[in-house]
Amino acid sequence: MSSLDLDYQNIKPFLTDQEIQSLQPEIDRLHQAFEQGTGKGSDYLGWLGLSTGTSSEQLGAIEQSAQQLRDHCDVFVSIGIGGSYLGARAAISFLSHTFANQLPKGNQGSPEIHFAGHNLNSDYHADLFDLIADRDVCLNVISKSGTTTEPAVAFRLLKEKLENKYGKSGAKKRIVVTTDQAKGALKKLADEEGYTTFVIPDDVGGRYSVLTPVGLLPIAVAGIDIRELMEGAKIGESVCSAHSGLDKNLSYLYAGIRHLLYTKGKTLEVLASFHPSLSYVLEWWKQLAGESEGKEFKGIFPASVEYTTDLHSMGQWVQEGNRILFETFLLVGTSRRQLEIPAFDNDGDGLNYLAGKTLDFVNDKAYKGTAMAHREGKVPNMTITVKDRSPHSLGQLFYFFERAIAMTGYLMDVNPFDQPGVEFYKKNMFTLLNKPGYGKG
Ligand code: PA5
């Protein structure tokens, strides 16, 4: 059963059904390129089949390792950047209690989860070290290339802390590495030190890797059912591989609409949520879209806002700023819990008209009012609704977006699976740092 819905009524004043339908032959052709592995970047299509291709034994090994980590630590630090960071963070924050890290471990049986290596900031990492100083800590360092500077530096710092505290052999039991099966400095180090290691498949790039051990191990450490997540993704996978028709394949419908709006000069997409648990799902989506499409001087600039918070901030820009944008609302069908607004005898704050209504009810009216206002303000908008905050629904959502962004990349005729632009800052930084082989800064 699909947990996802796509409503594009508020696109119709800007894009006709005929225009959308006219894309069908092109989408059919590109669908074949996915299925037969004949399109751009076809060495990196492994993500298409992860939900059916990952065995129960592979999931079992991840679950077992996650359980050991859960048993041994109060604090779990996931070290990585970009695609080796955002998927896990998105899933953990979407599926966990909002204040999971502040709850005592006994409450959920899960350790506190923190992230490192996604910046080069000393305050951030020094503050993290304060936080973990007197706690039992485990680490998962994640890097496909095994050479990325940010996580490598964070790992070096944290490894030293663990070895000082537990000794080399004690630290070894608390460190798990997720990396390439053969290449990279991290793989070499893991072999030398004898760390437990999980492999990132060769044919899956970073931002498409949330359903590999890259995402699954930290997600399992947070106590989330990764089999349910994979089952959800399986639904996306089976629909998307069987159907290219825009009436059945919502990923392709979303991709087609994005592409057509882009060709009409709408070069900026705002993904707008009304549920704070989606905060890092928005970040994950931005990376997926930005790195996949932004090349050869093409691409939709992916931005995000969190409503209603940002209705008192960026909402002004969306309503009346430069008309280069379209908006995609990302909603959660039902919150886990409902809070009713109480009636007061003294209606001093004037809120009795809302008495007995839930916050979700009011939030929904805020969404509907915003969608109408933005449509009137000439912002084409559509709405993706994910049924609930379950691993099953999130698995579908991950697959939905991956397939849609890859399809938009193909429609733009770019390779959605490389990121050559990321190398430019690195080269300059390495030169400035006098890294061997990069010349003098
Ligand atoms: O999507 C990508 O490929 C990138 O964002 C990478 O995930 C990111 O640069 C981190 O790379 P690595 O896993 O090699 O450390």
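Starting from 1, each residue takes its place in the sequence as its number. One-based numbering, in listed order, for ligands and for the atoms of each.
- Among all protein heavy atoms, the one lying closest to atom 6 (C) of ligand 1 is Gly83 N, 3.8 Å.
- Residues Glu160 and Arg156 are not paired through a salt bridge, judged by the lack of any N-O separation under 4.0 Å between the basic side chain and the carboxylate.
- Note on ligand 1: Glu150 sits outside its first shell, no heavy atom being nearer than 4.0 Å.
- Taking the six-membered ring wherever Trp is involved, the centroid distance between the rings of Phe115 and Tyr85 falls below 6.0 Å.
- Not less than 6.0 angstrom separates the ring centroid of His243 from the ring centroid of Tyr252.
- Closest to atom 12 (P) of ligand 1, if we only count protein heavy atoms, is Thr148 OG1, 3.3 Å.
- For atom 4 (C) of ligand 1, the nearest non-hydrogen atom of the protein is Glu291 OE1, 3.4 Å.
- The atoms of ligand 1 that sit less than 4.0 Å from any heavy atom of Arg207 are 1 (O), 2 (C), 3 (O).
- Interface of Ser84 with ligand 1, defined as ligand atoms under 4.0 Å from a residue heavy atom, comprises 7 (O), 12 (P), 13 (O).
- Ser209 pairs by the side chain to side chain contact (heavy atoms under 4.5 Å, CB included) definition with Val204, Thr212, Val214, not counting sequence neighbours.
- Of all the atoms in ligand 1, the ones that sit under 4.0 Å from a non-hydrogen atom of Gln419 are 3 (O).
- Under a 4.0 Å criterion applied to the non-hydrogen atoms of Gln287, ligand 1 contributes the atoms 1 (O), 2 (C), 4 (C), 5 (O).
- For atom 10 (C) of ligand 1, the closest non-hydrogen atom on the protein side is Ile81 O, 3.3 Å.
- Taking the charged nitrogens against the carboxylate oxygens, Arg403 and Glu35 do have a contact shorter than 4.0 Å, which makes a salt bridge.
- Taking the six-membered ring for Trp, Tyr44 and Phe417 have ring centres at least 6.0 Å apart.
- When Gly117, Gly205, Ser145 are ranked by how near their heavy atoms come to atom 14 (O) of ligand 1, first place goes to Ser145.
- In summary, the aromatic rings of Phe14 and Phe326 are positioned with their centroids too far apart to meet the 6.0 Å limit.
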